[in-house]
Amino acid sequence: MTDFFGFEQDFIASLRCIPMIMRYKLDTCGVKMKLDHWHKFTEAEKTQLIQMPCETPAEVQLYHETLQKLITDKTGTPAKVLDIDPHPPWLQTEIPAQVRAKAQDCAVEITPTQWQSLSPLQRFALLKLSRPSHENHNFVPALQEFKIIA
């Protein structure tokens, strides 16, 4: 999947920020890429990383290696490696507490059926957008885009 979300449209044309699809792949392959790393990549390299598959174990390994080589080539040092959650919350059927709490803060209720109807990438986005340390102005637009609210 290489689609960007509607709530990302203000920066997608320039790719000045790391899009959700890329952040999803970073968490999947266990690489802590910084925005500074992202800014060192060419547009072609960014596009390659966004489009490169990262789902099967072999794809995840190749993605990890490709990304680390690119970061090392650009900066002289590989990125920090993160543990990969074998059971990430975006693949679970229960709504994570932080998503429920953020939704409640926005006076929205996400039902289990709604959560389960979302793609893993959509769930991932809601998790990232519900973190207390994140700029959360895109949480409600994401809920609207995902048809959770009107």
Side-chain angles (χ1 to χ4, degrees), residues 1-103 110-139 141-143 145-148:
M1 175 183 280
T2 58
D3 292 340
F4 300 115
F5 292 119
F7 63 81
E8 298 178 299
Q9 292 309 308
D10 59 334
F11 65 82
I12 286 304
S14 66
L15 287 174
R16 65 179 162 75
C17 295
I18 301 170
M20 274 300 163
I21 184 70
M22 188 66 203
R23 294 172 65 192
Y24 178 82
K25 291 177 179 187
L26 293 171
D27 279 22
T28 299
C29 78
V31 174
K32 175 76 173 165
M33 184 180 74
K34 298 177 181 176
L35 187 58
D36 182 54
H37 297 147
W38 182 247
H39 287 158
K40 291 185 183 334
F41 300 158
T42 65
E43 186 173 334
E45 290 164 338
K46 291 175 182 178
T47 300
Q48 175 196 3
L49 291 169
I50 289 166
Q51 293 178 344
M52 189 175 171
C54 186
E55 293 184 28
T56 68
E59 289 171 349
V60 171
Q61 183 62 35
L62 180 60
Y63 196 92
H64 178 99
E65 292 167 2
T66 302
L67 182 57
Q68 283 289 38
K69 181 179 183 330
L70 190 56
I71 291 170
T72 302
D73 288 350
K74 297 287 183 178
T75 68
T77 316
K80 182 179 174 184
V81 174
L82 302 172
D83 290 333
I84 299 172
D85 187 342
H87 305 287
W90 59 87
L91 295 181
Q92 306 308 309
T93 57
E94 290 188 23
I95 304 168
Q98 78 180 36
V99 173
R100 275 196 325 269
K102 180 64 181 171
I110 302 172
T111 68
T113 302
Q114 288 171 316
W115 176 256
Q116 292 165 19
S117 72
L118 298 174
S119 71
L121 180 58
Q122 289 171 322
R123 293 179 190 178
F124 176 86
L126 290 178
L127 274 157
K128 291 299 183 186
L129 295 172
S130 65
R131 290 190 320 200
S133 61
H134 192 277
E135 287 183 35
N136 298 319
H137 64 275
N138 282 327
F139 187 80
L143 292 174
E145 184 173 342
F146 304 160
K147 310 278 189 261
I148 301 292

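The figures here come from the full heavy-atom set of this structure, side chains too, leaving out hydrogens, waters and symmetry mates.
Contact annotation: the side chain of Leu67 approaches that of Met22 to within less than 4.5 Å [non-hydrogen atoms, C-beta and beyond]. Using a 4.5 Å heavy-atom cutoff, the side chains of Pro88 and Asp27 are not in contact. Under the 4.5 Å side-chain criterion, counting only non-hydrogen atoms from C-beta, Leu129 is not in contact with Lys102. Taking 4.5 Å as the limit, some side-chain heavy atom of His64 sits within range of a side-chain heavy atom of Val81. Pro78 has its side chain out of reach of Ile71: every pair of non-hydrogen atoms, C-beta onward, lies at least 4.5 Å apart. Considering only heavy atoms from C-beta on, Leu121 stays 4.5 Å or farther from Trp90 through its side chain. Under the 4.5 Å side-chain criterion, counting only non-hydrogen atoms from C-beta, His37 is not in contact with Lys74. Residues Thr28 and Tyr63 form no side-chain contact, since every pair of their non-hydrogen atoms from C-beta on lies 4.5 Å or further apart.
Separating the NZ atom in Lys25 from the CD atom in Glu55 is a distance of 8.0 Å, to the nearest 0.5 Å. Separation of atoms CZ (Arg100) and CD (Glu94) is listed at 7.5 Å; rounding is to 0.5 Å. The CZ atom of Phe124 sits 11.0 Å away from the CG atom of Leu91 when rounded to the nearest 0.5 Å. Between the CE atom of Met20 and the NZ atom of Lys128 there is a distance of 8.0 Å, given to the nearest 0.5 Å. Ile50 CD1 to Tyr24 OH: the interatomic distance, rounded to the nearest 0.5 Å, is 15.5 Å. To the nearest 0.5 Å, the span separating CG on Leu70 from CD on Gln48 amounts to 7.5 Å.
In this structure, Gln92 places its CD atom where more than 12 heavy-atom neighbours from other residues, nucleotides or ligands lie under 6.0 Å away. Within a 6.0 Å sphere centred on CD of Gln9, heavy atoms belonging to other residues, nucleotides or ligands number more than 12.
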Q) Given the rule in the side-chain contact (heavy atoms from CB on, under 4.5 Å) test, do Met52 and Leu62 qualify, once you have shown the distances and angles that lead to the verdict? A) CA-CA 10 Å; Met52 189 175 171; Leu62 180 60; 3.7 Å; yes
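Using cut-offs of 30° and 60° for the angle between ring planes, the Phe5 and Phe7 rings count as parallel.
The shortest non-hydrogen separation linking Thr42 to Glu45 is N-OE1, 2.7 Å. Ala79 and Lys32 make their closest contact through CB-O, 3.5 Å (heavy atoms, listed as atom of the first residue, atom of the second, distance). Gly6 approaches Glu145 most closely through the heavy-atom pair N-OE2, 2.7 Å. Residues Pro112 and Ile95 come closest through the heavy atom pair N-CD1, 3.8 Å. Here the closest heavy-atom approach between residue Pro89 and residue Trp115 is recorded as O-CZ2, 3.9 Å. Of all non-hydrogen atoms in Met33 and Leu26, the two that sit nearest each other are CB-CD2, 3.7 Å.
Arg123 places a side-chain N or O within donor-acceptor distance of the main-chain N or O of Gln116, the cut-off being under 3.5 Å.
A salt bridge links Lys40 with Asp36: the distance from a Lys NZ or Arg NE/NH1/NH2 to an Asp or Glu carboxylate oxygen falls below 4.0 Å.
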